[in-house]
Amino acid sequence: MSWEVDFFMRAYNPKEIEPKWQKKWEEEDFYRTKTDPSRTKYYVLEMFPYPSGKLHMGHMRVYSIGDVLARFLRMRGYNVLHPMGWDAFGLPAENAAIENNVGPARWTSENISFMKKQQKSLGVSYDWEREVTTCNPDYYRWTQWLFLLFYKRGLAYKKKARVNWCPQCETVLANEQVEGGVCWRCSSTVEFRELEQWFLKITDYADRLLDDLELLEGWPERVKLMQKNWIGRSEGAEIAFRLKDFDEELRVFTTRSDTLFGVTYMVLAPEHPLVDKLVSGTEKEAEVREFVNKVKFENEISRTSAETEKIGVFTGRTCINPVNGEEVPILVGNYVLMSYGTGAVMGVPAHDERDFQFARKYNLPIRVVIQPEGEVLKEETMTEAYTGPGRMVNSGQFNGLPNEEGINAVIAYLEKHNLGSRKVTYRLRDWLISRQRYWGAPIPIVYCEKCGIVPVPEDELPVILPTNITLKREGGSPLAGLEDFVWTECPRCGGKTRRETDTMDTFICSSWYFLRYASPKLDRAPFSREDVDYWMPVDQYIGGIEHAVLHLLYARFFMKVIYDAGLAKVQEPFKRLLAQGMVYKDGAKMSKSKGNVVSPDEIIEKYGADTGRLFILFASPPEKDLEWSDQGVEGCHRFLRRVWRLINENKHFVELNGKGTPFNGEAEQKLRYHIHAAIKKVTEDIEERFNFNTAISAIMELVNATYSYLDKAAEGEPDRRVIAEALKTIVILLAPFAPHITEEMWQLLGHKDSIHLQAWPDYDEEALRVEQVEVVVQINGKVRGRIMIPADADKEQMLAAAHGQERIRNLLAGKEILKEVTVPGKLVNIVVR
RNA sequence: GCGAGAGUGGCGGAAUGGCAGACGCGCUAGACUUAGGAUCUAGUGGGCAACCCCCGUGAGGGUUCGACUCCCUCCUCUCGCACCA
């Protein structure tokens with residue numbers, strides 16, 4: 001740094017100004033928000049973090065995006081709610097406790113205070129008065145209260161089921177939390193156990209969760225699609241096949257009732273309860289049992305993979321096809337899943353790919369019952385199943401019917417004769433919520449020998465999670481070993497009774513936190529109707545795509561139940577969703593193992609938070625992945641220094657507030673055009689498209705234009721008012737992106753109040769109006785010249801100007817003009833031969 | 001396999017029917033300087049000695065006066081689902 005620079009102005013020193021303004025904002029309670037029905041609200045929310053230890057770039061990105069919106073909307077006059085909190089229950093705290101010998105509570109709260117400090121150093125405008133921490137009793141009390149609400153409404157139940165078990169986490173998992181057969185958190189292969197567990201009846205809401213996706217216009221299509229696929233609604237029929245030799249029925253689910261006459265065999269899942277009954281005491285018993293055991297032992301990933309060979313075994317039993325009375329063999333097969341439909345499938349090899357492969361392998365008969373238009377399928381020559389449309393054949397009274405109509409016709413026939421019925425099946429399963437872990441909200445239930453399952457009364461909440469506990473690596477639910485916790489009095493009969501020792505899935509805690517922000521301190525209810533009706537729904541939710549099904553589906557479910565209970569008037573919690581992309585470096589996701597991690601702290605240390613925020617927002621649109629670039633960060637830092645210098649070197653133009661030549665100079669009009677074009681562009685980019693990268697580039701262009709005006713005007717006398725307008729506009733437009741430096745520069749420009757309380761500028765249409773525009777002249781679509789003409793020139797004037805150009809005349813000489821196209825203010829295209 | 005999204009300079013990315021490559025990075029040359037990795041100025045898709053010329057947005061075709069943009073076919077990559085009956 002040369003002494004001249006020091007002499008004229010202070011250098012840009014983020015280390016000095018950033019903490020200064022952060023302190024000031026905090027002292028003045030700048031971002032406190034109040035429920036105020038007289039004002040239009042806007043609720044901006046970033047997914048709250050798990051307090052894992054320290055912030056990473058993904059956090060910095062999501063908070064930077066949210067903060068730009070929050071600051072921008074505040075300046076636009078909205079009453080903005082922008083809160084932050086902690087998804088503080090969870091397994092890592094327990095593991096850390098075992099490894100480091102620190103209690104999970106202490107580990108968590110230390111992480112929270114560290115991460116909170118980091119968030120503050122980013123200059124994010126949160127209302128910290130509304131901070132929620134899910135592991136605090138004043139929060140989980142209401143998580144428990146909501147569990148009881150579900151229980152009362154018949155939406156929480158306990159049942160014994162085959163459940164996913166993660167051996168690493170030593171707990172059960174919900175289906176959503178198993179991804180490709182492995183645990184979503186630790187990637188261990190998931191096993192199965194028969195356990196009695198608590199479930200929430202999310203399947204009761206399957207149709208509403210599916211249908212209401214259509215209301216979510218502000219959600220990315222791919223997220224909605226993922227939820228749709230996850231819910232997996234499938235319409236069809238359940239059909240009863242009478243077993244031969246038994247007075248019992250075998251029920252199957254099918255979406256293809258039109259192929260019912262093509263059934264040549266039946267397949268049961270190995271776990272199907274009828275298997276035992278069918279084979280016990282028969283000569284097939286040993287063979288079938290061996291097969292069942294073998295398949296059960298295989299892990300679920302390979303068994304449910306499409307590539308796995310379909311194998312099966314004949315049970316020696318048969319059943320009767322209800323529509324044609326045919327006797328078909330019953331097999332057990334590895335490709336049939338007990339968890340979907342009825343656990344039994346009718347085999348129609350001619351029209352189902354899996355059935356075809358299976359039938360060919362075991363020489364089961366194939367019968368065509370759908371004939372496509374224009375070709376004739378023959379069983380002997382088929383090489384694959386035909387799954388397309390066609391007319392029904394070999395199907396008795398239904399012959400000749402188009403198969404789409406046949407689906408309904410067959411179902412109608414079945415219903416009439418009491419052989420089956422219309423049925424909708426979902427892939428979605430009920431949400432398994434109990435966890436055999438310590439660090440979670442206790443499930444508020446007791447088991448009384450006399451009274452059975454008894455919910456803890458609301459006025460006895462919260463069921464406090466004891467903190468005097470030593471965690472060990474093994475040994476089931478840690479709470480079960482705590483006598484003081486386990487034994488209590490039955491709220492009904494007063495007798496000695498056991499508490500539930502499982503805790504709740506942490507996804508429950510995060511399914512309603514956005515409501516708690518509306519009434520963070522309330523101690524008589526989870527939230528107040530008044531606050532929630534004012535603030536909800538969240539207008540803009542921002543977070544990672546990894547929660548497309550998990551958190552985002554659960555939260556929607558909770559909102560609907562809360563709505564049904566009459567506690568809120570909205571049914572969908574998040575009006576608009578922004579799924580932000582990931583942060584990469586050197587082509588890979590930042591991770592410790594790859595050694596390509598850049599921490600927010602080191603960026604703040606080296607360049608300041610403003611530079612980091614600006615880079616993150618400038619490098620890529622928010623929903624796309626972002627490639628980290630140290631040089632790109634340098635560039636943003638350079639830009640901020642350039643702005644700093646611009647303001648410092650020219651602030652006297654503003655201070656003097658003096659006279660100058662009026663706006664009518666050509667250079668002045670041009671600069672004013674740039675100023676107002678920038679206002680328009682930045683406003684629209686933030687408001688309509690979240691294109692923060694192009695918004696920032698528009699500010700850069702304005703800075704460049706201002707420098708170039710000053711350069712050119714240096715010889716003559718620059719217009720103070722235009723410069724003042726430019727400087728002020730630059731600082732204001734930049735404020736949501738770089739809050740500290742702009743606050744400092746705002747003061748340098750002579751203001752006493754905060755820039756973050758200023759009104760966002762409107763652009764001046766007048767300044768954007770230009771008299772002369774450059775219009776491109778094309779011949780056959782190729783640019784051959786440019787003309788300056790009045791902006792409002794009509795077609796004739798445009799053509800006259802184009803033909804007036806010597807070059808154009810020369811090029812047109814001897815050619816036949818076929819057509820002349822004009823676009824006002826843009827171009828002329830002359831089509832010739 | 002099914003579904004969704006994407007493919008543009010050396011790089012990140014702009015442009016949603018009208019001048020392809022805004023803005024930034026990098027690079028080149030120059031200025032200032034004891035020096036600069038600071039700052040400023042100019043240039044920077046490819047071809048060509050050069051242009052006002054030609055080529056150019058994954059490939060091929062189509063619609064249009066005009067296509068990165070719309071339609072069809074194909075290729076590649078990313079993500080999601082994956083025996084769901």
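Throughout, a chain's letter reflects where its sequence line sits, starting with A, and its residues are numbered from 1. What you see below is based on every heavy atom in this structure, not just the backbone, and it leaves out hydrogens, waters and symmetry mates.
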Restricting both atoms to N or O, compile the protein contacts to nucleotides 27-33 of chain B shorter than 3.5 Å, with distance only.
none

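- Remark: P of B/rG17 and CD of A/Q778 are 17 Å apart, rounded to the nearest angstrom.
- Close to B/rC52, at under 4.0 Å from its OP1 or OP2, lies no side-chain N or O of A/R786.
- The CZ atom of A/R642 sits 8.0 Å away from atom CG of A/L646, with the distance rounded to the nearest 0.5 Å.
- Nearest-nucleotide assignment on RNA chain B puts the 5′-proximal partner with A/V776, out of A/Y426 and A/V776.
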Both distances under 3.5 Å, Watson-Crick or G-U wobble: on that basis, could you give the dot-bracket string for RNA chain B, with [ ] for crossing pairs and | for other-strand partners?
(((((((..(((.....[....)))((((((.......))))))(((.....)))..(((((..]....))))))))))))....

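- Applying the ring pair (Phe, Tyr, Trp, His ring centres under 6.0 Å) test to A/Y265 and every residue at least two apart in sequence or in another chain returns A/F358.
- Applying the side-chain contact (heavy atoms from CB on, under 4.5 Å) rule to A/A698 yields the partners A/K681, A/V682; only residues at least two apart in sequence or on another chain are considered.
- Look at the P atom in both B/rG10 and B/rA22: the space between them is 14 Å, to the nearest Å.
- Shown here are the ring pair (Phe, Tyr, Trp, His ring centres under 6.0 Å) partners of A/F261, two or more places apart in sequence or in another chain: A/F398.
- Here B/rA85 presents its C1' atom at 14 Å from CD of A/Q357, a figure rounded to the nearest Å.
- Distance OH (A/Y340) to P (B/rA85): 4 Å, rounded to an integer number of Å.
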Could you run down the sub-3.5 Å N/O contacts of the protein with nucleotides 68-70 of chain B?
none

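- If you take CH2 of A/W184 and C1' of B/rC81, they are 19 Å apart, rounded to a whole angstrom.
- In this structure, the salt bridge (charged side-chain N to carboxylate O under 4.0 Å, His left out) partners of A/D207, at least two apart in sequence or on a different chain, are A/R233.
- Among the protein residues, A/G635 comes within range of the sugar-phosphate backbone only, with heavy atoms under 4.0 Å from sugar or phosphate atoms but none that close to a base.
- Contact check, A/R427 against B/rA82: a side-chain N or O comes under 4.0 Å of OP1 or OP2.
- A/T254 comes within 4.0 angstrom of the backbone, heavy atoms only, and of no base.
- Of the possible donor and acceptor atoms, none in the side chain of A/Y554 sits under 3.5 Å from a partner among the backbone N and O of A/V549.
- Every residue meeting the salt bridge (charged side-chain N to carboxylate O under 4.0 Å, His left out) condition with A/E221, not counting sequence neighbours, appears here in chain and number order: A/K224.
- Residue A/R638 places at least one side-chain N or O closer than 4.0 Å to OP1 or OP2 of B/rC25.
- The separation of B/rC2 from B/rU16, taken at their C1' atoms, amounts to 29 Å, rounded to a whole angstrom.
- Contact check for A/V369 versus A/N403: no side-chain heavy atoms found under the 4.5 Å cut-off.
- Regarding A/I231, its CD1 atom lies at a distance of 19 Å from the P atom of B/rC84, rounded to whole Å.
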Scan nucleotides 2-15 of chain B nucleotide by nucleotide, 5' to 3', and note B when protein non-hydrogen atoms come under 4.0 Å of the base, S if they reach only the sugar-phosphate, - if neither.
-SS-------BSS-

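- The separation of B/rA49 from B/rC70, taken at their C1' atoms, amounts to 42 Å, rounded to a whole angstrom.
- A close approach under 4.0 Å does not occur between any side-chain nitrogen or oxygen of A/K826 and OP1 or OP2 of B/rG18.
- Ring centers of A/W628 and A/Y584: at least 6.0 Å apart, outside the cut-off.
- Between A/S234 and B/rA85 there is a side-chain polar atom (N or O) within less than 4.0 angstrom of OP1 or OP2.
- A/E176 and A/H551 are not linked by any side-chain donor-acceptor pair at a separation below 3.5 angstrom, with hydrogens and angles left out of the test.
- The interatomic distance linking A/R784 (CZ) with B/rC51 (P) rounds to 15 Å, in whole Å.
- Of the P atoms belonging to B/rG36 and B/rA29, the separation is 13 Å, rounded to the nearest Å.
- Remark: A/E249 engages A/R251 in a salt bridge (charged side-chain N to carboxylate O under 4.0 Å, His left out) (not counting sequence neighbours).
- Enclosure of atom OH in A/Y340 by more than 12 non-hydrogen atoms of other residues, nucleotides or ligands within 6.0 angstrom is indicated.
- B/rG12 and B/rU8 have their C1' atoms separated by 12 Å, given to the nearest Å.
- Evaluation of the ring pair (Phe, Tyr, Trp, His ring centres under 6.0 Å) rule for A/H637 yields A/Y12, A/Y607 as partners, not counting sequence neighbours.
- Between A/I545 atom CD1 and B/rC81 atom C1' there is a gap of 14 Å when expressed in whole angstrom units.
- Looking at A/Y335 and A/D355, their side chains do bring a donor and an acceptor atom within 3.5 Å of each other.
- When the C1' atom is used for both B/rG43 and B/rG21, the distance is 16 Å, rounded to whole Å.
- If you take atom C1' in B/rA42 and the same atom in B/rU64, they sit 40 Å apart, rounded to whole Å.
- Nearest to the side-chain atoms of A/K310 among the listed nucleotides B/rC65, B/rC83, B/rC84 stands B/rC83.
- Taking syn as a glycosidic angle within 90° of 0, B/rG62 does not qualify and is anti.
- Residue A/R645 places its side chain closer to B/rU39 than to any other of B/rC65, B/rU39, B/rC23.
- As a whole-Å value, the separation of A/E309 CD from B/rC83 C1' is 13 Å.
- Aromatic ring orientation, A/F692 versus A/F690: tilted (interplanar angle from 30° to 60°).
- At B/rG24, one or more side-chain N or O atoms of A/N704 fall inside 4.0 Å of OP1 or OP2 (strictly under the cut-off).
- Checked against B/rG18, B/rA85, B/rC65, the side chain of A/V345 finds its nearest nucleotide in B/rA85.
- With B/rC84, B/rG24, B/rG66 as the candidates, the nucleotide lying closest to the side chain of A/N829 is B/rG66.
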Go through it in stages, so that I can follow the logic: the residues are A/Q177 and A/R185, the test is side chain to side chain donor-acceptor pair (under 3.5 Å), and I'd like the CA-CA distance, side-chain angles, deciding distance and then a yes or no.
CA-CA 8 Å; A/Q177 295 155 26; A/R185 202 181 265 284; over 6 Å; no

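- B/rG17 and B/rA31 have their P atoms separated by 47 Å, with the value rounded to a whole Å.
- Between B/rC40 and A/R642, a contact under 4.0 Å exists linking OP1 or OP2 to a side-chain N or O.
- Residues passing the salt bridge (charged side-chain N to carboxylate O under 4.0 Å, His left out) test with A/R256, sequence neighbours excluded: A/D258.
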